[in-house]
Amino acid sequence: MKKKFYLVAGLIFSFFVLNQNIFAQEKFDGSEDTFTLTKLRQCLTQNNPEIRLAQEELTRSLLDVKDAKSSFGPKIEFQASGTFLANPPIDSIVLNVDDVINSMDWQGVGPVSTGQYITLYDGMENTLYNIGFTLQQPVFTWGKISTAYGIYKEVVSIKELQLKNITKKLLTELETRLISLCYIQQIQNVLEEETVFANRLVQYSEDAEKNGMLLKQDVLEARIKSKELDIAIKELEKQKESQLIELERMTGLQIEAEKIDYEINEELFTQVLAKDRNQILENALNGNQTSIQILVLLKNISERTQKIAENSVYWKPDFAVEMSANYAGSRFPLLEPNWRRKDDYSLNISVGLKTTVWDGGKKLNEVNRKISETKTSSINIDDARAKIKHTLDEQWNTVDVCILKSEYLDLKIQTSESKIAQKETLFQSGYASEADVLNAKIEKCNQQVEKLQLDLKKAAAIMTVNFLCE
C-alpha cells in the first residue's frame, strides 16, 4: 500500500515536470452551469495576465515602428518667447540741432541758436518677442535609418509570434490540467472503492484476532493499508484543489470541479500516435515552428544591428539639412510699424555633416561585438533545434514505455479478476477466507491505480509532442 501511495505522489510530480516542458470574445463571470473547454479557452485568451501583457508589449512595439518611420521625415520645432522689460536697456536717442550747427564752419557769423531737438530713436519698447521655426531633415545616413526601421518591424513580428506562442502554450496547459483532473478523479474513485475493501479487511482482521484466527500483527498491517488509503485520497484532494486554483488563475473564473464539462479527447491521442515520428520531428525543426521563427528573427535583428555598426565607423559622415526662420522684435510679428523695412526677420539654410574621426577603436570594437552577437544567434538556433529533438525523443520514449507497461498491467488486471473469481468460489466452498477475497480485490485496485497513473503520464507526453509539432 505504501508503494501505491508513493506512485500517486510521483505521478503528480511527473505531471508538473511535464507541464514545465510544455510551457515554458465573450465574457464569462463564472455563473454558468458548466465550464466547457470552449468557454475556458475563450476566458483564457481574454483574461490571462500573460496573454494580456504580451498584447501590451505588441502595442508598444507597433508604436516604436511608427516612431522609427517618422525618422525618415523632417523634424520641425517651434519656439516662442515674450518678455516685458520694466526698464529697457536702450533709451531714446535725441540730437541737439544747435550742436550740429555749431560744429559747422560758417566762415563768418553763424545762425542763431534755435534750441531745437530732433529725436532719432524713440528708445526700446517695454516688450520683446522672439519666435522661430527650425526644420531638420536627414539627407544621407548610410542606411542607418532604414535599417533601424527594419529592426523595429522585425521586433513587431517577434512580439506577434510570442503572443501566438504564449497563447498556444497556455491552451495546451489548460487542456493538460483538465486531463489531469479527469485522471485524478478516476484514481480517487478507485481508491474509494479500495477503501471499502480495506475497511472490511480491518473489521474482519479484528474479529479474527478475537477468535484467535489471526495475529495482532495481521490486524496492524490491515490498519496500515487502510490509513495509507486515507492519506492517498487526501493527497489527491490536495492535488485536485491545486489544479483548480491554477485553472482559476489562468482563466480568471471561479471554477468548481463539479461544473467542469470535459471528456478526455482520446481521438487526439490516437491521431498523434498515428503520425509519422520522423515527419513530426521534421515539422518541429523547420522554420514554421514558432520558437524557431523567433530565433531566426532575432538573428536577423543581430545582422541589422551589425550593419548599423559597420555604417557608423570612422569617416562615414551623416548629412542633414537644417532650415530656420526667426523673428526678434518689440512687437508681435507683422504688427509692428514699417515691419517690411526693419531687419527683424531671418531665414537660414544650413547643410551639415557629422562623423567620428577617431575614438580609440571603440567603433571597431562595436562592429566586432555585433558580429559575435550574430554568431551567438546562429548558435542559439542550433541549440533550440537540438533541445526540441531531445524533448521529442524523451516524450516518445515515455509514450512507448507507458504503452508497454499499460499492456502489462492489463494482463495483471485480467489475472487479478480471474483470481478474485477463484477466491470467491473457494470462499463460498469454505476453502478460503474472506480476507483472501478482500486482498485479491485490493490488489486489483492497486493495479488499476497504477494503470491510470501511466495513462496520465502518457497523456502529458502526447500533449507535449502535439504542442511541439503544431
| message | Pairing donors with acceptors under 3.5 angstrom, does anything connect the side chains of E322 and S350? | response | no
| said: Is the shortest side-chain heavy-atom distance between I280 and D276 below 4.5 Å? | reply: no
| remark: Distance col, row T176:OG1 vs M463:CE, nearest 0.5 angstrom, shows 4.0 Å
| task | Apply side chain to side chain contact (heavy atoms under 4.5 Å, CB included) to F427 and D436, showing your working. | result | CA-CA 8 Å; F427 173 61; D436 296 331; over 6 Å; no
| remark: Hits for side chain to side chain donor-acceptor pair (under 3.5 Å) against R369, two or more places apart or cross-chain, chain-then-number order -> E366
| Test: K144 and D318 ion pair at under 4.0 Å | yes
| message | Taking the basic N atoms (NZ, or NE/NH1/NH2) and the acidic carboxylate oxygens, is any pair closer than 4.0 Å for K405 and D400? | response | no
| request: Check whether any side-chain N or O of Q188 sits under 3.5 Å from a backbone N or O of K234 as a donor-acceptor pair, and report yes or no. | output: no
| message | Looking at F269, I'd like to know if the NZ or CZ of K458 sits under 6.0 Å from its six-membered ring centre while staying within 45 degrees of the ring's axis. | response | no
| said: Evaluate L191 against L236 for side chain to side chain contact (heavy atoms under 4.5 Å, CB included), listing each step before the verdict. | reply: CA-CA 10 Å; L191 291 179; L236 281 175; 3.3 Å; yes
| task | Salt-bridge test for K419 and E417: reply yes if a basic N is under 4.0 Å from a carboxylate O, no otherwise. | result | no
| field | Listed partners of R52 passing side chain to side chain donor-acceptor pair (under 3.5 Å), at least two apart | value | none
| said: Once rounded to the nearest 0.5 Å, what's the spacing between atom CG of L174 and atom OG1 of T167? | reply: 12.0 Å
| message | Tell me whether K412 is salt-bridged to E443, with the criterion being a basic N under 4.0 Å from an acidic carboxylate O. | response | no
| remark: Taken to the nearest 0.5 Å, the spacing of S406 OG from I403 CD1 works out to 8.0 Å
| said: Can you tell whether the side chains of K363 and D359 come within less than 4.0 Å, N to carboxylate O? | reply: no
| request: Could you note down all residue pairs passing side chain to side chain donor-acceptor pair (under 3.5 Å) where residues 289-303 supplies at least one of them, sequence neighbours left out? | output: Q289-S291, K299-S378, S302-S377
| request: State, without any angle test, whether S416 and Q447 hold a side-chain donor-acceptor pair at a distance under 3.5 Å. | output: yes
| Between K316 and E310, does at least one N-O distance fall below 4.0 Å, as a salt bridge requires? | no
| said: If the threshold is 4.0 Å, N to carboxylate O, is there a salt bridge linking R41 and E175? | reply: yes
| message | Is the ring pair Y345/Y327 parallel, tilted or perpendicular, if the boundaries are 30 and 60 degrees? | response | tilted
| task | May I ask you to decide whether K441 forms a salt bridge with E193, counting only side-chain N to carboxylate O separations under 4.0 Å? | result | no
| Short side-chain donor-acceptor distance under 3.5 Å, E282 and N286 | no
| query | side-chain contact (heavy atoms from CB on, under 4.5 Å) with L170: which of T45, L44, T251? | reply | L44
| Residues K225, E228: salt bridge by 4.0 Å N-O rule | no
| Could you go step by step and tell me if V155 and D64 meet the side chain to side chain contact (heavy atoms under 4.5 Å, CB included) rule? | CA-CA 9 Å; V155 170; D64 291 338; 6.0 Å; no
| query | Does D455 come within less than 4.0 Å of K451, counting only side-chain N to carboxylate O? | reply | yes
